[in-house]
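In the text below, chain A, chain B and the rest are named by the order of the sequence lines, each starting its count at 1.
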Amino acid sequence: MFQKVLVANRGEIAVRIIRSCRELGIETVAVYSTVDEDALHVHLADEAVCVGEAPAKASYLHMENIISAAINTGAEAIHPGFGFLSENAKFAELCESCNIAFIGPSSQVISDMGDKAKAKTLMRSAGVSIVPGSVGEITLEEGLALIKEMGLPVLIKASAGGGGRGMRIVRHESKFKTQYFAAKQEAAAAFSSDGVYLEKLVENPRHIEVQILADKYDTVLHLFERDCSVQRRNQKVIEEAPSNIDVSLRNQMYEAAIKAAKAVKYENAGTVEFIVTDNAFYFIEMNTRIQVEHPVSEMITNIDIIQEQLKIASGMRLLFTQESIKSQGHAIEVRINAENPVKNFMPSPGTVTFLHVPQGPGIRFDSMLYQDYTVSPHYDSMVGKLIVHASDRAHAISKMKSALEELITEGITTNQWFVWMIMNHQAYVEGSVDTSFIVKNIKKLIRYEN
Amino acid sequence: MNNRELKTIIKLFENSTLASMKLERDDVTIELQKPKHSCSAHPHQDRVPVSSSVGEATLTHKDSEEKTADYYPIKAPLVGTFFEAGGPDQPPFVKENQMVKKGETVCIIEAMKVMNEITAPQDGKVMKIHMNNGESVMVEQVLMEIV
């Protein structure tokens, strides 16, 4: 096992990783930007190194500074968390060349899966069902020919994309040309690569993903699925496990996810994302890192995924079999963001003047907040994740409502009452929502006072 | 009186229509006074008990408002980074002496990875832009003035 690990991240995930390291007796090194001197992860780590100024590209995305911090402090491994450098193949490669273990898959796998068009091609050849569409990137002429063949509507997506950028829906053939160039332009601006590919648009699907763990010895296991259909602008808002989709379909998805991981010789924790519509599922992408919503899988399986990541990267074997992993009860996670849904989700950075965190059996709050902490405007608005675990979904919803009612974060506005409204919405309670839920119900969901 | 009670009193005062208030309890006396114009470039000042610095800040603000009575200030609704254009290679949304229409984007304030478009509250001419590209802004800070 590693003696010392550097955590190349900030916020709640850095805190979460440091805690898992401490439990395993691993020393930790935090990195921070000049405005994060008082951040919780800096205080919790055994050592902390300032790696640059506030803008992420000058600090948390500054590869050389982070690698230097690891070398200078004698860290043997780097955990990248999510966001920032977590899916940056060049960074993983840099770690590899400096003999620092990158806690995640190889740079080659990150690169292959990060190129969304290439990932689809790989999955198609591995026999995993994918949304009908182009094979790799397309030219305008190829796109026009393809829409004649497979029909409209279609989605134009950036090969290097993510987060909905460089994405365009085309419903009429006459609009294809302008949308094609608009997507290319947006992709070039956001990802410095203008390659786009085409996909048949599956309208209002459910978003279901399978958590994978794979060690260095070809053992690939799944930790069941998560339903992440409650989204706003392609950002997940609520995640839960298990999903309520048909059991035989779920089993097929587990098989497909394991097949996908094996096809690319995947190592460490990863997530295979699918969209589900009617009785079919299609691969959309593989996330080669820990995900924000990993706690719901931890709650139902009682497995600490971060600890497993550390063990796998240090060369240990997975100590359980697929049969020994049981799914128990129901877990729900809501993302607590410093934003005001009533004012069009306007960011709300500021100082938390009073903090009260809900507690009790089956309640978990993964967060970097503490009283008098100042939420910086420089980074993501997520300030915590409230997670509940109960015997079944109905009890989990009750527990979540009660926990949300107890949470106090004076000084900043959060989306806590917005997610509370979702917990009370009939469609959500019935478990019948798809990815269009928030956009269709937004007026009703923001009918509350902060 | 503990901090919690003090916070509650301040909060009640902030939410009330009172301009000032004096409270004596046991051996503690607190005096609270709201600035005549909420000046959020100093966000903490309307929370603390009255002191001479609040008076000064209020006065300065009042003076500048009097001088610019004909101008309409566009203020920052949130903390963040000011951007004059939609991208590094793009021209600024507006320049000084340019006419703008109500609802037209005049700048962007980036906060928490979200680009918040700031729009003109009324038709007019941009008289003065107070910010430089990439500069940090506070809530209610005057970004530009239109007339």
Side-chain angles (χ1 to χ4, degrees), chain A residues 10-11 34-35 53-58 60-61 83-84 162-165 185-186 188-190 192 232-233 235 335-356 371-372 374-383 408 410-415 449-450, chain B residues 2-15 38 40-49 74-83 85-91 103 105 107-119 121 131-141 143:
Chain A
R10 65 178 302 283
T34 48
V35 292
E53 299 286 323
K57 63 173 190 283
Y60 297 104
L61 288 172
F84 296 126
R165 283 183 298 179
Q185 195 181 15
E186 206 172 297
S192 31
R232 180 180 165 266
R233 296 187 172 174
Q235 295 283 329
R335 299 186 185 195
I336 303 297
N337 299 331
E339 63 187 12
N340 189 349
V342 177
K343 287 190 179 170
N344 196 26
F345 295 85
M346 186 167 85
S348 173
T351 302
V352 179
T353 50
F354 181 77
L355 176 70
H356 173 77
Q371 198 157 311
D372 297 328
T374 300
V375 179
S376 162
H378 290 101
Y379 310 105
D380 194 90
S381 63
M382 193 177 76
V383 293
I408 304 173
E410 262 179 33
I412 58 169
T413 304
T414 73
N415 63 340
E449 281 178 32
N450 275 311
Chain B
N2 61 30
N3 278 348
R4 187 83 202 268
E5 285 173 317
L6 186 62
K7 274 184 185 161
T8 313
I9 292 165
I10 293 172
K11 190 124 206 173
L12 285 171
F13 171 71
E14 279 179 348
N15 294 334
S38 181
S40 54
H42 307 278
H44 300 297
Q45 292 190 346
D46 55 0
R47 282 196 160 241
V48 294
I74 301 179
K75 294 178 179 177
L78 74 169
V79 178
T81 308
F82 174 90
F83 288 110
D89 310 323
Q90 286 172 28
T105 301
C107 66
I108 279 176
I109 294 178
E110 184 197 359
M112 300 179 141
K113 302 198 298 195
V114 178
M115 299 292 180
N116 301 277
E117 288 188 356
I118 309 301
T119 54
M131 306 298 304
N132 293 317
N133 202 34
E135 218 174 336
S136 294
V137 293
M138 308 278 264
V139 181
E140 293 279 296
Q141 192 170 341
L143 305 170

Residues, nucleotides or ligands: over 12 heavy atoms within 6.0 Å of A/Gln185 CD = no

If every non-hydrogen atom of A/Pro347 is compared with every non-hydrogen atom of B/Ala111, which pair is closest and at what distance?
-> CG-O, 3.5 Å

Cut-off 4.5 Å, heavy atoms of chain A, and the answer for B/Val114 is side chain

In this structure, are over 12 heavy atoms from other groups packed under 6.0 Å from B/Glu135 atom CD?
-> yes

Rounded to the nearest 0.5 angstrom, the CE-CE distance for B/Met112 and A/Met346 is 11.5 Å

Under 4.5 Å heavy-atom distance to chain B, tell me which part of A/Ala56 shows up: side chain, backbone, both or neither.
-> neither

Side-chain donor or acceptor of B/Lys7 paired with backbone N/O of A/Thr353 under 3.5 Å | yes

Which portion of B/Pro88 sits near chain A, non-hydrogen atoms under 4.5 angstrom | neither

